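Read the structure below first, then the notes.
Values reported hereafter were calculated over all heavy atoms of this structure, with side chains retained and with hydrogens, waters and symmetry mates removed. A quick note: this is a predicted structure, and the numbers were derived from the prediction, not measured.
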Amino acid sequence: MAMAMAKPTQEKKDRVHHRNDLSDRHHDDAHGYEYDHEAFLGKEEAKTFDQLTPEESQDRLGKIVDRIDADKDGYITHSELRGWIKHRQQRYIDENVNKHWAEYDLDKDGRVSWEEYKNTTYGYYLDEEFEDMNDKHSYKAMLSRDERRFKMADRDGDLIATKEEFTAFLHPEEFEHMKNIVVTETVEDIDKNGDGLINLEEYIGDMFTAEEGEGEPDWVKTERQQFNEFRDLNKDGSLDAKEVSQWILPGEVDHSDTEAKHLIYETDKDKDEKLTKEEILTNWNMFVGSQATNYGEDLTKKHDEL
């Protein structure tokens, strides 16, 4: 089989899986709603709205409201709004999955089997005569690791992934039922002595390897302190799976939840804790921009420059 361009999932990356904020903009409604626009629409779509007339923006917003109202009861609840914002913010994940989907779905049946993924990713290497036995061991270990992750993502156990299951395979940190595998893989990456734990030496070694004669930077000393004071919760000198989970999968603010509450609070005129289309369109410029928004921002910027 010809060598495929697809790569295994095992790659070096930041250990802590932070939830990204909804926008790079500063969230200050007194100076504009750019943060809210990007949170509600996504960054690229927000730019599109900024080129529309106010009438076009409101018309498109009305159609979006109809899509958000999942149960068609005429109200947008916190749950529906949060779900919409979360969906818009996860588009980068969907785009990444879609980009790879065609590579792996070889028979074009709308699903990716384990065999398809394995052959596309590892087919060349499995048939290769490795001169270096370490390379052979490394690829076999990666194959085994990917198979375990694939089976965890494949919730019905048929070894054929739907689009959602394949998304869980490629982005396990985004799925609750995959978080144990994220922890397990992290421990395996860092644990050099094979005891299933991460000691201080392994923890630092994953981040920093000193060159001969090189001193230890201050940030490494800070990481040692972090390990002893905050990571090693039971003070036994090593991190177990639970401690690793609290380190790499911290319970952070749910930005989609916070933004949904903010939009409802600012828009809900009758204070029934849900929004009608009329309420949203009355406060439309908090949700979406337009040419008028841009014109106002340009005037403000020119005034500030004077």
Side-chain angles (χ1 to χ4, degrees), residues 1-17 93 96-97 99-101 103-106 111-161 165-210 223 227 231 237-249:
M1 179 181 290
M3 182 175 176
M5 295 303 293
K7 295 193 298 183
T9 58
Q10 184 174 351
E11 295 178 347
K12 178 75 172 178
K13 58 183 177 181
D14 291 338
R15 296 300 179 189
V16 179
H17 298 277
I93 292 176
N96 175 260
V97 172
K99 184 175 71 174
H100 292 299
W101 187 256
E103 294 178 47
Y104 297 119
D105 182 16
L106 300 179
R111 300 184 298 171
V112 173
S113 69
W114 166 246
E115 287 300 315
E116 286 177 315
Y117 176 81
K118 180 178 72 172
N119 290 334
T120 302
T121 306
Y122 294 100
Y124 171 83
Y125 300 104
L126 294 177
D127 295 334
E128 183 77 359
E129 290 295 327
F130 284 90
E131 293 181 12
D132 188 328
M133 291 305 293
N134 287 332
D135 285 348
K136 183 174 183 179
H137 175 76
S138 174
Y139 269 94
K140 288 204 168 183
M142 290 165 72
L143 171 62
S144 175
R145 172 168 160 148
D146 271 359
E147 183 174 13
R148 180 182 61 191
R149 189 198 283 193
F150 193 97
K151 288 178 176 177
M152 181 73 75
D154 176 33
R155 302 199 81 171
D156 60 8
D158 63 356
L159 288 180
I160 302 174
E165 289 170 335
F166 196 62
T167 303
F169 171 67
L170 292 179
H171 297 276
E173 70 282 352
E174 300 292 332
F175 292 80
E176 195 63 37
H177 70 282
M178 296 293 291
K179 291 192 174 173
N180 285 343
I181 206 77
V182 176
V183 172
T184 298
E185 290 178 1
T186 302
V187 172
E188 290 173 349
D189 284 346
I190 303 174
D191 172 28
K192 301 306 179 188
N193 63 13
D195 65 354
L197 303 169
I198 298 174
N199 61 38
L200 178 57
E201 182 181 351
E202 292 166 336
Y203 176 82
I204 295 298
D206 181 58
M207 305 176 185
F208 174 75
T209 303
E223 282 296 339
F227 182 96
R231 309 270 188 250
S238 296
L239 307 186
D240 58 23
K242 185 176 180 181
E243 290 167 324
V244 171
S245 178
Q246 294 197 23
W247 162 35
I248 67 170
L249 298 169

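- For the pair Glu116 and Val112, the tightest heavy-atom approach, listed with the atom from each and the gap, is OE1-CA, 3.3 Å.
- Residues satisfying the side chain to side chain donor-acceptor pair (under 3.5 Å) criterion with Glu243, sequence neighbours excluded, are absent altogether.
- At least one donor-acceptor pair closer than 3.5 Å links the side chain of Asp154 to the backbone N or O of Asp158.
- Here Asn180 pairs with nothing under the side chain to side chain donor-acceptor pair (under 3.5 Å) rule; sequence neighbours left out.
- Under a 3.5 Å cut-off, the side chain of Glu165 and the backbone N or O of Arg155 do form a donor-acceptor pair.
- With hydrogens and angles disregarded, no donor-acceptor distance shorter than 3.5 Å links the side chain of Asp105 to the backbone of Trp101.
- With hydrogens and angles disregarded, no donor-acceptor distance shorter than 3.5 Å links the side chain of Tyr117 to the backbone of Phe166.
- In this structure, CG in Leu249 is found 8.5 Å from CD in Glu173, a value given to the nearest 0.5 Å.
- By the 30° and 60° cut-offs, the orientation of the rings of Tyr104 relative to His100 is tilted.
- Proximity of a side-chain donor or acceptor of Lys192 to a complementary backbone N or O of Asp189 within less than 3.5 Å is detected.
- Considering every non-hydrogen atom in both Leu197 and Ser238, the closest pair reads CB-CB, 3.9 Å.
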Give the intermediate values and the outcome of side-chain contact (heavy atoms from CB on, under 4.5 Å) for residues Ile204 and Phe227. CA-CA 9 Å; Ile204 295 298; Phe227 182 96; over 6 Å; no
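- Between Thr120 atom OG1 and Glu103 atom CD the span is 8.0 Å, to the nearest 0.5 Å.
- Of all heavy-atom pairs between Trp247 and Ile190, the closest is CH2-CD1, 3.9 Å.
- At a threshold of 4.0 Å, the pair Glu147-Lys118 does not count as salt-bridged, since none of the basic side-chain nitrogens sits closer than that to a carboxylate oxygen.
- Taking all atoms of both residues into account, the shortest heavy-atom contact from Gly196 to Val187 is O-CG1, 3.6 Å.
- A distance-only check finds a donor-acceptor pair linking the side chain of Arg149 to the backbone of Phe169 [under 3.5 Å].
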Report the C-alpha separation of Arg15 and Val244 in whole Å, then their side-chain angles, then the decisive distance to 0.1 Å, and conclude whether the side-chain contact (heavy atoms from CB on, under 4.5 Å) test is met. CA-CA 10 Å; Arg15 296 300 179 189; Val244 171; over 6 Å; no
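- Expressed to the nearest 0.5 Å, how far CD1 of Ile198 lies from CG of Asp206 amounts to 7.5 Å.
- Between the side chain of Thr186 and the main chain of Val182, a donor-acceptor pair closer than 3.5 Å is present.
- Atoms CG and CD, on Leu200 and Glu223 in that order, are 10.0 Å from each other to the nearest 0.5 Å.
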List the steps and the verdict of side-chain contact (heavy atoms from CB on, under 4.5 Å) for Lys151 and Trp114. CA-CA 9 Å; Lys151 288 178 176 177; Trp114 166 246; over 6 Å; no
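- Considering only residues two or more places apart in sequence or on other chains, Arg111 meets the side chain to side chain donor-acceptor pair (under 3.5 Å) condition with none of them.
- The line from CG of Asn193 to CD of Glu201 is 8.5 Å long, rounded to the nearest 0.5 Å.
- Between atom CG of residue Asp240 and atom OG of residue Ser245 there is a gap of 10.0 Å, rounded to the nearest 0.5 Å.
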